[in-house]
Every structure is written in C-alpha cells, then in structure tokens.
Amino acid sequence: MAIYLTKESKVLVQGMTGGEGMKHTRRMLAAGTDVVGGVNPRKAGHTVDFDVPQCLEGLGSTPIAVPVFGSVAAGMRATGADVTVVFVPPAFAKAAVVEAADAGIGLAVVITEGIPVHDAVAFTAYAKTKGTRIIGPNCPGLITPGQSNAGIIPADITKPGRIGLVSKSGTLTYQLMYELRDIGFSTCVGIGGDPVVGTTHIDCLAAFQDDPDTELIVLIGEIGGDAEERAAAYIRDHVTKPVVGYIAGFTAPEGKTMGHAGAIVSGSSGTATAKKKALEAVGVRVGSTPAETARLVLDRLSVRA
C-alpha cells in the first residue's frame with residue numbers, strides 16, 4: 001500500500017506545456033505515472049508527444065501522446081483524473097489551485113515556488129472546504145516508488161520498501177531516499193518548507209500510522225516555527241510505529257532569516273536543538289547528520305526484525 005498516491009492514480013499536469021511542465025511530465029511518465037492529460041486553456045484539443053525512456057536508465061524510448069484540456073474539470077470528465085500537479089507561475093498558482101478544487105480533484109500537488117503567502121493562505125483554506133488535499137506549495141511532490149511519481153522527486157534513487165518519509169526539505173528528501181535505497185520506501189512526501197503548507201507532518205504521520213506496509217517513519221524538519229514540536233506531541237499521543245528524525249539547521253545563527261523556509265530563530269524558539277529535544281522526549285531518535293539518521297533507521301529496523 002501507500003499514502004495519497006498509488007499506481008491507480010490518474011494525474012493531470014497544470015502547466016504541462018511550459019518548460020518545467022514538459023521536462024517533469026516526461027520524467028513522471030518514465031517513472032510509470034499514469035499522466036492522463038495536461039491543462040492549458042489556450043491549447044485545449046492539442047496533444048503533446050513525449051519521447052519517454054522505457055526504463056529509468058534511458059535505454060530505448062516509447063512515444064506517448066498526452067492530450068491537453070482547457071480546464072481541470074474537462075480533464076477530469078474525460079479521463080477520471082484524481083490528482084493534479086501544478087507547474088504554473090506564482091502569479092497564477094492561486095487561480096490554478098482554486099480551479100482544481102472547484103472541479104473536485106482529490107489531490108493537488110503544488111510544485112510552484114515563490115507563491116505569495118496570502119495566496120497560499122487563501123487557496124489552502126479554500127481547498128479544505130472543497131475536500132481537496134494540497135501538497136506544497138514550493139515542494140518536490142511525492143512518490144510511491146514503483147507505482148507513481150507526482151512532482152519532481154527523482155524516481156531512480158530508491159525502490160519500493162517499508163519506510164515512510166515526510167520532509168520539509170526537497171534536497172534532504174532525496175538524500176535520505178538514496179541513503180536508504182537498499183531498504184526502500186512506501187511513500188515519500190515532500191510537504192514543502194513555506195510558512196503555509198496544505199499538508200503537515202502530522203497529516204503524514206497519521207496516514208503512515210494507518211498504512212500497514214509502512215513499518216518505520218522518517219521525519220525531516222527544519223529550523224523555524226513549531227511544526228516539529230507539534231508533530232512530537234502528536235507522536236506521543238497517536239503514533240505507535242518507530243519514528244526517526246532529522247532537523248536541518250543545527251549551525252544556523254540566531255536572529256537570521258534562513259533559506260526558502262523563511263525560518264527565523266529567536267532565542268531557543270525554533271532552533272534545531274529545541275526541536276530535537278521535543279522529538280527525543282517522545283522517543284524519536286534524531287540524527288545529527290543525514291548519514292547518521294540513516295544509520296539510526298537501520299538500527300531501529302534491525303531491532304524490530
């Protein structure tokens with residue numbers, strides 16, 4: 001099994017005909033994702049031909065023609081799509097997500113970076129009223145290895161397995177996937193590190209807790225805010241599976257805005273040390289480096305075995 005995304009998922013790509021949309025649609029198709037259409041009102045009725053590698057190593061290729069629809073609703077009616085991946089520019093992202101939510105899509109994966117916070121607040125709140133789950137914004141998306149890949153996560157650095165991963169950081173998502181490639185993952189979810197995101201650590205913890213094929217959960221956080229402290233409280237009360245964590249930013253100076261997360265560390269609030277203490281207090285083992293985090297995962301799995 002998996003969370004949020006499976007081989008049965010039918011995926012639309014809003015912004016598929018743009019440069020990034022084209023590149024990553026081809027990569028999603030190569031990973032086996034059932035991309036059933038793109039969305040562009042100006043190119044409705046056209047098809048886009050993708051030369052898709054027959055395997056992730058790129059040996060041989062197969063042409064795949066993907067239709068373009070004028071709206072998410074039209075794409076859903078024609079294909080039964082239940083997932084959309086959003087690659088539209090920041091200024092149009094809010095409208096794209098609202099359109100998808102109005103159409104009744106179940107999952108919207110918002111890759112776009114640089115979306116104004118007030119737009120993210122508006123469309124994440126609106127999507128909840130429509131029953132649409134948002135992953136992101138400013139995220140790498142999610143992958144269920146061997147089944148489907150919605151976003152920009154490399155599909156060739158891991159395999160199906162028994163670890164569930166939820167991460168604020170795209171780069172660290174990839175690194176932990178690679179470090180633990182010999183064991184593999186049920187699903188890896190990059191939730192994004194912006195101040196407002198549609199799916200939280202807690203949402204993914206709950207889903208992994210209920211997934212029978214996820215044996216251990218890896219949680220990756222970053223400095224700033226209190227998301228990891230809230231996740232620790234949820235783990236204490238609701239999660240029985242082992243959790244291993246990593247917090248990026250142990251060397252970050254106080255009082256500085258750090259990176260894409262807009263994380264401001266003030267005193268002990270929001271520091272990596274404070275987050276590590278909160279997680280360790282509820283039984284989560286926290287690595288000081290990604291490599292050590294991977295070793296902790298291996299230790300926990302060997303103990304359970």
Side-chain angles (χ1 to χ4, degrees), residues 1-16 20-21 23-25 27-36 56 81-87 93 97 100 105-113 120 124 127 132-178 180-181 184-194 197-211 213-214 216-222 227 231:
M1 291 184 66
I3 70 168
Y4 305 147
L5 187 74
T6 72
K7 63 182 179 181
E8 306 300 329
S9 300
K10 296 181 182 297
V11 179
L12 293 173
V13 181
Q14 291 173 264
M16 185 183 77
E20 290 299 303
K23 177 174 69 176
H24 290 293
T25 297
R27 294 176 69 251
M28 286 188 278
L29 287 166
T33 307
D34 189 8
V35 179
V36 295
L56 294 172
D82 53 1
V83 177
T84 183
V85 184
V86 179
F87 282 104
V97 177
I105 202 86
L107 177 67
V109 183
V110 187
I111 306 299
T112 307
E113 182 179 4
T124 53
T132 297
R133 174 173 296 282
I134 303 292
I135 305 289
N138 188 16
C139 75
L142 69 163
I143 181 171
T144 295
Q147 296 191 48
S148 189
N149 183 12
I152 64 174
I153 296 175
D156 57 349
I157 57 174
T158 194
K159 66 179 183 180
R162 48 200 172 120
I163 303 169
L165 187 150
V166 53
S167 173
K168 277 185 176 180
S169 166
T171 303
L172 290 172
T173 298
Y174 314 151
Q175 184 166 357
L176 264 295
M177 287 172 62
Y178 182 76
L180 294 165
R181 62 194 180 279
F185 292 81
S186 54
T187 301
C188 303
V189 186
I191 60 174
D194 278 4
V197 293
T199 295
T200 66
H201 284 118
I202 291 173
D203 295 326
C204 294
L205 287 166
F208 282 132
Q209 173 66 23
D210 291 338
D211 176 29
D213 287 342
T214 296
L216 179 146
I217 304 166
V218 175
L219 182 152
I220 300 176
E222 293 176 334

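Because the structure is a prediction, the values reported are computed rather than measured.
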How many angstroms lie between atom [atom1] of [X] and atom [atom2] of [Y], to the nearest 0.5 angstrom?
X	Y	atom1	atom2	result
Leu219	His201	CG	NE2	4.0 Å
Tyr174	Ile157	OH	CD1	8.0 Å
Ser169	Leu176	OG	CG	9.5 Å
Thr25	Met28	OG1	CE	4.0 Å
Ile134	Thr199	CD1	OG1	7.5 Å
Thr124	Asp194	OG1	CG	11.0 Å

Exercise. Is a salt bridge present between Lys10 and Asp82, judged by a nitrogen-to-oxygen distance below 4.0 Å?
Worked result: no

Close side-chain approach of [X] and [Y], heavy atoms under 4.5 Å:
X	Y	result
Leu107	Thr132	no
Met177	Cys188	yes
Thr158	Leu180	no
Asp156	Tyr178	no
Thr173	Leu165	yes
Phe208	Ile3	yes
Ile191	Lys168	yes
Arg133	Tyr4	yes

Pair [X]-[Y], side-chain donor/acceptor within less than 3.5 Å:
X	Y	value
Arg162	Ser186	no
Gln147	Thr6	no
Thr187	Thr144	yes

Exercise: identify the closest heavy-atom pair between [X] and [Y]:
X	Y	answer
Ser9	Val83	CB-CG2, 4.1 Å
Gly190	Ile135	O-CG2, 3.6 Å
Ala100	Gln14	CB-OE1, 3.8 Å
Pro140	Gly170	CG-CA, 3.9 Å
Ile143	Pro154	CD1-O, 4.2 Å
Pro160	Pro145	CG-O, 3.3 Å

Exercise. So which of Ile111, Val85, Val109 actually passes side-chain contact (heavy atoms from CB on, under 4.5 Å) with Ile152?
Worked result: Ile111

Using only atom types and a distance under 3.5 Å, with no angle test, would you say the side chain of [X] pairs donor to acceptor with the backbone of [Y]?
X	Y	value
Thr200	Ile202	yes
Thr33	Ser148	no
Asn149	Ile153	yes

Problem set entry | Derivation and outcome, side-chain contact (heavy atoms from CB on, under 4.5 Å), residues Phe87 and Val13 | CA-CA 7 Å; Phe87 282 104; Val13 181; 3.6 Å; yes

